[in-house]
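Shown next, in structure tokens, is the structure this report addresses.
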Amino acid sequence: MKFQKLIPLVALSMLFTACSGGSQGAADTKTAESGDAVPQNKEPVELVFASDAGKTPDDFEKEIAEPLRKKFPWLTVKYIERGQGTNIGDLVTAGTPPDIYWYVYNRFPNLVQGLGLDYDMTELIKKYKFDTNRLEAASMKALDQYTGGKGIYGLPFISSTTVMYYNKDIFDKFGMAYPKDGMTWDEVYELAKKMTRELDGVKYRGLSTFHGYLLRENPYGLRPLDPATGKASLNTDEWKKLYQNLARIYAIPGNNRPNSRATNPELQAFAKEQTIAMAVINNDLNHVKLIPEGMNWDVVSMPTFPDKPNVADQPSPWMYSIMKTSQHKEAAFEVLAYMLSDEFLMMESKRGVRTPSTNDQIKKAFGSDSPFMNGKNVGAYYYHKSADTPSSGGDPKLMALIPGGADAVVNNKLLDVILEGKDINTALREGEEEINKLIENSKKQ
């Protein structure tokens with residue numbers, strides 16, 4: 001297998017005692033208050049990074065490699081860009097898994113746990129006195145539902161949330177006031193009805209959503225599986241409420257989405273065609289980067305429910321994990337401790353990454369170095385508090401079925417309502433039956 005996408009960094013020497021299996025001796029573990037484990041006396045070490053979330057070699061060099069080169073002169077870093085033949089499964093098959101892997105949290109059961117790469121970092125966290133309280137609790141707990149709440153198998157470095165982007169030009173065309181922070185779903189729904197209209201032969205839609213995110217990261221902590229019973233839990237009043245809220249948006253005459261189950265047409269309609277006035281979208285950088293230069297846009301907080309005031313969705317964190325197969329676990333953790341230090345997270349925040357830091361100064365610095373965010377209502381990204389993540393518990397194999405199929409059933413059944421006019425009660429009942437079949441099939445494997 002060819003790995004042409006490896007990026008070497010400079011390696012210089014300091015004394016470091018390395019032992020096989022990742023137990024690398026008694027390093028000086030002086031710990032900074034910012035959460036930065038400061039290593040002393042190191043020999044050259046090479047760490048390999050890889051990702052499921054995607055990052056170009058140039059971005060990796062600028063955003064990760066350069067800061068690490070300055071901080072750790074004893075370190076060489078290689079980056080394997082995701083692509084054909086270089087996905088994590090390919091690397092495991094080739095016997096060359098990375099030392100550090102990053103991914104969106106709900107991919108953990110499939111890409112880390114399922115490949116036997118999960119490694120509990122609890123002892124390293126204790127040894128290096130890494131303060132996990134510096135990171136948002138909801139993001140820290142995101143993997144608990146897949147691990148039974150036992151151990152720490154990943155550390156969050158991005159805490160994506162949902163906000164509402166809007167096209168200022170469309171509001172100006174219609175002479176309408178812009179949306180505001182703190183709006184409820186009912187208020188946004190009424191505004192969407194007013195913004196759905198035709199002007200000069202162009203049909204404008206008032207509102208679109210990334211409904212898959214909104215269902216999965218719902219503010220109520222609902223899951224389509226009940227860990228206590230080991231059965232599906234979709235045909236409930238709580239899930240019905242979520243379906244009704246989203247279905248009414250697309251039932252506005254002229255506001256239904258294209259007859260497609262893909263996300264891309266909705267992104268294209270908002271960012272490229274610019275015919276959608278408001279879009280409730282997860283602020284994943286891969287989504288935000290699709291907004292073209294020159295588009296007259298701004299952002300406000302995501303809409304909320306009356307019984308969940310000031311509560312956004314659950315965070316959708318991106319996680320760093322040290323692979324069980326790594327021969328340099330301590331060096332890897334020292335690097336991760338720095339990448340989660342106040343110093344590093346401040347840099348990330350300034351360039352427009354919503355970090356899981358609880359430091360108010362880091363939050364206030366969000367987007368301050370990003371031309372893309374200049375003049376925007378950046379306070380929207382932290383306007384609400386994050387919803388609590390679901391509690392741990394249940395068989396990890398069972399809970400892995402949530403991202404492994406149940407989440408897709410939940411979203412597809414909503415699309416049956418939106419695109420095919422299926423009754424919500426029928427959709428929920430059918431969805432519960434399908435999820436129970438997934439559970440039964442998993443027991444046979």
Side-chain angles (χ1 to χ4, degrees), residues 106 138 141-142 144-145 161-162 164 183-190 192-193 207-252 255-257 261 280 282 302-316 384-395 398-399 401-440:
N106 67 323
K141 296 190 298 181
D144 284 1
Q145 58 188 306
T161 190
T162 298
M164 187 168 76
M183 296 180 73
T184 65
W185 278 109
D186 288 342
E187 291 170 330
V188 171
Y189 170 71
E190 293 300 326
K193 289 195 292 186
L207 177 64
S208 181
T209 72
F210 271 22
H211 40 73
Y213 278 92
L214 294 173
L215 292 170
R216 188 182 78 200
E217 317 298 359
N218 66 83
Y220 299 100
L222 301 178
R223 291 182 290 197
L225 293 177
D226 184 347
T229 65
K231 296 182 179 180
S233 179
L234 182 61
N235 191 17
T236 67
D237 290 340
E238 291 83 1
W239 277 109
K240 183 175 181 179
K241 177 179 179 178
L242 293 176
Y243 269 45
Q244 288 174 328
N245 179 59
L246 292 167
R248 64 174 175 169
I249 292 167
Y250 296 95
I252 296 171
N255 193 57
N256 205 350
R257 55 172 291 160
R261 291 174 180 260
V280 180
N282 179 278
M302 75 167 287
T304 58
F305 291 99
D307 60 343
K308 285 286 183 179
N310 301 316
V311 177
D313 55 354
Q314 301 165 49
S316 181
H384 297 306
K385 67 178 181 180
S386 295
D388 292 333
T389 52
S391 59
S392 59
D395 178 7
L398 174 70
M399 303 316 289
L401 291 176
I402 297 177
D407 280 339
V409 171
V410 174
N411 189 47
N412 281 328
K413 288 303 162 183
L414 176 66
L415 285 169
D416 285 350
V417 174
I418 293 172
L419 299 178
E420 300 174 9
K422 182 169 290 186
D423 174 73
I424 289 177
N425 291 327
T426 302
L428 291 172
R429 186 183 70 252
E430 290 178 352
E432 188 161 285
E433 292 171 355
E434 290 183 23
I435 294 171
N436 277 326
K437 288 180 181 177
L438 288 175
I439 294 171
E440 291 304 312

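- In this structure, NZ in Lys385 is found 13.5 Å from OG1 in Thr161, a value given to the nearest 0.5 Å.
- Taken from CD in Gln145 to OG1 in Thr389, the straight-line distance is 7.0 Å, to the nearest 0.5 Å.
- Under the side chain to side chain donor-acceptor pair (under 3.5 Å) criterion, Asn411 pairs with His211, not counting sequence neighbours.
- Side-chain N or O atoms of Asn256 include none that pairs as donor or acceptor with a backbone N or O of Leu419 at under 3.5 Å.
- Ion pairing between a basic and an acidic side chain is recognised when a charged N comes within 4.0 Å of a carboxylate O; Lys413 and Asp416 show such pairing.
- Distance check, rounded to the nearest 0.5 Å: OG1 of Thr209 to CH2 of Trp185 gives 6.0 Å.
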Tell me, with the steps shown, if Leu215 and Leu246 meet side chain to side chain contact (heavy atoms under 4.5 Å, CB included).
CA-CA 9 Å; Leu215 292 170; Leu246 292 167; 3.9 Å; yes
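- For the pair Met164/Val280, a side-chain contact is recorded, criterion being any heavy-atom separation below 4.5 Å from C-beta on.
- Between the CE atom in Met302 and the CG atom in Asp313 there is a gap of 5.0 Å [rounded to 0.5 Å].
- Classified by interplanar angle (parallel below 30°, tilted 30° to 60°, perpendicular above 60°), the ring pair Tyr213/Phe210 is parallel.
- For Glu432 (side chain) and Leu234 (main-chain N/O), a donor-acceptor pair under 3.5 Å exists by modelled atom type.
- The shortest heavy-atom contact between Thr184 and Glu187 is N-OE1, 2.9 Å.
- Checked for salt-bridge contact, Lys308 and Glu238 miss the test: no charged N lies under 4.0 Å from a carboxylate O.
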Could you check Tyr189 against Ile252 for side chain to side chain contact (heavy atoms under 4.5 Å, CB included), going step by step and ending with a plain yes or no?
CA-CA 9 Å; Tyr189 170 71; Ile252 296 171; 3.7 Å; yes
For side chain to side chain contact (heavy atoms under 4.5 Å, CB included), just list the numbers for Val410 and Tyr243, CA-CA rounded to whole Å, side-chain angles, deciding distance to a tenth of an Å, and then say yes or no.
CA-CA 10 Å; Val410 174; Tyr243 269 45; 3.9 Å; yes
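- Taking OG of Ser233 as the reference point, atom CG of Leu225 lies at 8.5 Å (rounded to 0.5 Å).
- Under the side-chain contact (heavy atoms from CB on, under 4.5 Å) test applied with Pro224, the options Asp407, Val409, Leu401 reduce to a single match, Asp407.
- For the pair Leu438 and Ala406, the tightest heavy-atom approach, listed with the atom from each and the gap, is CD1-N, 3.8 Å.
- Across all their heavy atoms, Thr236 and Leu428 have their closest contact at O-CD1, 4.3 Å.
- Atom CG of Leu222 and atom NZ of Lys241 lie 10.0 Å apart (nearest 0.5 Å).
- Nearest heavy atoms, Ala138 versus Ala387: CB-O, 3.8 Å.
- Across all non-hydrogen atoms, the minimal contact from Pro390 to Gly221 is CG-O, 3.9 Å.
- Annotation for Val417 and Ala247: closest pair CG1-CB, 3.9 Å, computed over non-hydrogen atoms.
- Partners of Thr304 by side chain to side chain donor-acceptor pair (under 3.5 Å), not counting sequence neighbours: none found.
- Annotation for Asp388: atom CG does not count as buried by contact number, only 12 or fewer foreign heavy atoms lying within 6.0 Å.
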Stepwise, does the side chain to side chain contact (heavy atoms under 4.5 Å, CB included) test hold for Asn218 with Phe305?
CA-CA 11 Å; Asn218 66 83; Phe305 291 99; over 6 Å; no
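- With a 4.5 Å cut-off on side-chain heavy atoms, Arg429 and Glu433 count as touching.
- A donor-acceptor distance shorter than 3.5 angstrom exists from the side chain of Arg261 to the backbone of Asn412, with no hydrogens or angles considered.
- A donor atom on one side chain and an acceptor atom on the other are not found under 3.5 Å apart for Lys231 and Asn436.
- When side chains are defined from C-beta on, Arg257 does not count as touching Ser208, because their heavy atoms never get closer than 4.5 Å.
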